[in-house]
*Asks:* 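Please find one structure pasted underneath; my questions will follow.
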There are 2 protein chains.
Amino acid sequence: MAALANDTKTQILELGIQLIQQHGYQAFSYADIARALHIKNAAVHYHFPAKEDLYLAIVQYYIDVYQHMARQMNETQLSPKQQLDRFIQRYADLVDANKICIIGAASADYNNMPEAVKKKVTELVDYVLGLVEKTLAAGKRNGSFAFTETAKNQTMLLMTNLAAGVQLARITGKKDFENIRKSILKTIQA
Amino acid sequence: MAALANDTKTQILELGIQLIQQHGYQAFSYADIARALHIKNAAVHYHFPAKEDLYLAIVQYYIDVYQHMARQMNETQLSPKQQLDRFIQRYADLVDANKICIIGAASADYNNMPEAVKKKVTELVDYVLGLVEKTLAAGKRNGSFAFTETAKNQTMLLMTNLAAGVQLARITGKKDFENIRKSILKTIQA
DNA sequence: GCTGTTACTTACTAATAAGTAAGTTACGGA
DNA sequence: TCCGTAACTTACTTATTAGTAAGTAACAGC
């Protein structure tokens, strides 16, 4: 929303996202960000006073992204199948960039988070799960998906396949994610 | 193997495992371990000179655990169904202890690892995947499991469900893991 | 009874972490 | 033209990090 107002602030945010997905929250410092953007440590603190503020902004950014995605999918009248393909493609892109999804990254770090961040993460997860659940349910109704589980359970199966799929691919190689992707699609193919 | 020789060393190792699964590798320090065990920082370095050595020992420890488990399962002639139940129960225990599995934890931290640790992690993952694959294949042969994917692909689906299942449960609550567990079992039930 | 080894402690170091206070520069109104 | 604010930099502090060098106490073997 207001994210594009300030250039440096946006750059910090985007770099923060990248660093979390590539190295984890604990593994990067404000000094890393400052170095990469050719600004000083204190400039990062100017935009995000504490590291917790940056984390919060990153999670909020993803909530915004998925809300935007949901709206766009509605407007463009994408079929449930197309919606799901697009969603899965996001994970394939993560694999190519040697990243893991923020939800997985957040989970690994969950026990170290301040309450405010935990709450935002829960908000994000609930939103994303809800989004996929609606897509799966719609696809079942129009006959393009078939599964015997509830849409909610099928969503959890699919999401865990994707999230841990990118994690596994980091260790064992990209082709494992491709196999998982194909298997997921078979699982719900009508 | 030789792990039980030295008491303090074993305690450091076990505490290290716990800290990695609860907080992640980057989020704990030798000072944390020293404090908890009422020894000095330098004592931890005596047993594991660098943090990398501790990480390596932890991953090796899990390789040993799973090798032991494999041998035991063979000796006690557990059915594939019983073997899988036992394996899945390990993940349920993680959820109860508010931990995630080392493979998931290692994946989040993979890009920060020295090559030697990466290699050991790959060794662990390959071993565990191989173990589950054998169990699924055996279950299919004796008619207790049914699935259309290859045993390898089915293993990856199951493992990603479990690994990300415990991660999800950390954020959204334990009952989500229980639902995933039931759904997994339905998926492969003959 | 001396020697070596194991398992530590004491006492550090250098690097890096997050965070802050005070100053600077540029710019956009009123 | 002065004023305030935004977006920084300079110059710090304090805490914590991994890691080390040197010393010590207990004990086992010869």
Side-chain angles (χ1 to χ4, degrees), chain A residues 1-20 22-59 105-106 108-109 111-118, chain B residues 1-20 22-59 105-106 108-109 111-118:
Chain A
M1 238 183 154
L4 295 159
N6 185 311
D7 222 38
T8 303
K9 189 168 184 175
T10 307
Q11 281 180 56
I12 295 170
L13 190 74
E14 285 173 352
L15 184 55
I17 291 170
Q18 217 175 332
L19 290 172
I20 283 182
Q22 281 174 348
H23 302 282
Y25 175 72
Q26 311 271 350
F28 78 89
S29 71
Y30 271 25
D32 293 328
I33 291 179
R35 213 174 298 121
L37 300 181
H38 306 109
I39 54 176
K40 300 297 157 181
N41 172 4
V44 186
H45 281 284
Y46 172 75
H47 291 289
F48 301 98
K51 220 181 160 188
E52 165 181 352
D53 298 311
L54 176 57
Y55 210 158
L56 219 47
I58 287 170
V59 181
D109 204 63
N111 287 339
N112 310 313
M113 284 178 181
E115 274 317 309
V117 184
K118 280 187 182 179
Chain B
M1 240 182 154
L4 294 158
N6 184 312
D7 222 39
T8 302
K9 189 169 184 175
T10 309
Q11 282 179 56
I12 295 170
L13 190 73
E14 286 173 352
L15 184 55
I17 291 170
Q18 217 175 332
L19 289 172
I20 283 181
Q22 282 173 348
H23 302 282
Y25 176 72
Q26 310 272 352
F28 79 89
S29 70
Y30 270 27
D32 294 327
I33 290 179
R35 213 176 298 121
L37 300 181
H38 305 109
I39 54 175
K40 300 297 157 182
N41 171 5
V44 187
H45 280 284
Y46 171 75
H47 292 289
F48 301 98
K51 221 180 160 189
E52 165 181 352
D53 298 312
L54 177 57
Y55 210 158
L56 217 48
I58 287 170
V59 181
D109 205 63
N111 287 339
N112 311 312
M113 286 176 180
E115 274 316 309
V117 184
K118 281 187 182 180

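The figures here come from the full heavy-atom set of this structure, side chains too, leaving out hydrogens, waters and symmetry mates. Here is how names work: the chains are called A, B, and so on, in the same order as the sequence lines, proteins then strands, and each is numbered from 1. Just so we're clear, the structure is a prediction, and the values are computed from it rather than from any experiment.
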*Asks:* Can you tell which of dT9(C), dA17(C), dC8(D) lies closest to the side chain of D32(A)?
*Replies:*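 So the nucleotide nearest the side chain must be dA17(C).
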*Asks:* Please state how far atom OH in Y30(A) lies from atom P in dA15(C), giving the value in whole angstrom units.
*Replies:*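 Value for this atom pair: 25 Å.
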*Asks:* I want to verify a distance call: between dT10(C), dG19(C), dA7(C), whose nearest atom is closest to the K40(B) side chain?
*Replies:* dT10(C)
*Asks:* Can you figure out which of dG19(D), dT6(C), dT9(D) approaches the side chain of K51(B) most closely?
*Replies:*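 Nearest listed nucleotide: dG19(D).
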*Asks:* Looking only at the side chain of N41(A) (C-beta and beyond, no hydrogens), which of the listed nucleotides dT10(D), dG19(C), dT20(D) gets closest?
*Replies:*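 Nearest listed nucleotide: dG19(C).
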*Asks:* Check the side chains of H23(A) and N111(B) for a donor-acceptor pair under 3.5 angstrom, ignoring hydrogens and angles.
*Replies:* no
*Asks:* If you check the A42(A) side chain, which of dA21(D), dA17(C), dT20(C) turns out closest?
*Replies:*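 Looking only at heavy atoms from C-beta outward on A42(A), the closest nucleotide is dT20(C).
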*Asks:* For a quick check of understanding: with a heavy-atom distance under 4.0 Å over all strands, which category does F48(A) fall into, base, sugar-phosphate or nothing?
*Replies:*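 The residue F48(A) makes no contact with any strand.
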*Asks:* dT16(D) C1' sits how many Å from R35(B) CZ, rounded?
*Replies:*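 In whole Å, dT16(D) C1' lies 10 Å from R35(B) CZ.
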*Asks:* For dA21(D) and H45(B) - does any side-chain N or O of the residue sit under 4.0 Å from the phosphate oxygens OP1/OP2?
*Replies:*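 The answer is no; no side-chain N or O of H45(B) sits under 4.0 Å from OP1 or OP2.
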*Asks:* With heavy-atom distances below 4.5 Å as the criterion, would you say the side chains of D109(A) and I20(A) are in contact?
*Replies:*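 Side chain of D109(A) against side chain of I20(A), heavy atoms only: no contact under 4.5 Å found.
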*Asks:* Please give, in whole Å, the distance from dA7(D) C1' to I12(A) CD1?
*Replies:*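 So the CD1-C1' distance, I12(A) to dA7(D), works out to 11 Å.
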*Asks:* Would you mind reading off the distance between I33(A) atom CD1 and dC8(D) atom C1', rounded to a whole angstrom?
*Replies:*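 In whole Å, dC8(D) C1' and I33(A) CD1 are 16 Å from each other.
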*Asks:* Which is more 5' along DNA chain C, the nucleotide nearest H38(B) or the one nearest S29(A)? Just name the residue.
*Replies:* H38(B)
*Asks:* Within 45° of the six-membered ring axis of Y46(A) and under 6.0 Å from that ring's centre, is NZ or CZ of K9(A) located there?
*Replies:*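 Pair K9(A)/Y46(A) does not count as cation-pi.
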*Asks:* Let me know the distance between CD1 of I39(B) and P of dT24(D), rounded to the nearest Å.
*Replies:*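 Going from I39(B) (CD1) to dT24(D) (P), I get 21 Å.
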*Asks:* Using the side-chain heavy atoms of A50(B), tell me which of these nucleotides is nearest: dC8(C), dA11(D), dG19(D).
*Replies:* dG19(D)
*Asks:* Are the side chain of Y30(B) and the backbone of A50(B) linked by a donor-acceptor contact shorter than 3.5 Å?
*Replies:* yes
*Asks:* Over how many whole Å does the gap from L54(B) atom CG to dT17(D) atom P extend?
*Replies:* 15 Å
*Asks:* Is the phosphate of dA7(D) approached by T8(A) (side-chain N or O, under 4.0 Å from OP1 or OP2)?
*Replies:* no
*Asks:* Could you tell me how far apart D53(B) (CG) and dT20(D) (C1') are, to the nearest whole angstrom?
*Replies:* 14 Å
*Asks:* Just to confirm, is there a sub-4.0 Å distance from OP1 or OP2 of dA7(C) to any side-chain nitrogen or oxygen of Y46(B)?
*Replies:* yes
*Asks:* Name the one of Y25(A), F28(A), F48(A) that satisfies ring pair (Phe, Tyr, Trp, His ring centres under 6.0 Å) with Y55(A)?
*Replies:* Y25(A)
*Asks:* For dC8(D), does either OP1 or OP2 sit under 4.0 Å from a side-chain N or O belonging to H47(A)?
*Replies:*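 Indeed, a polar side-chain atom of H47(A) lies that close.
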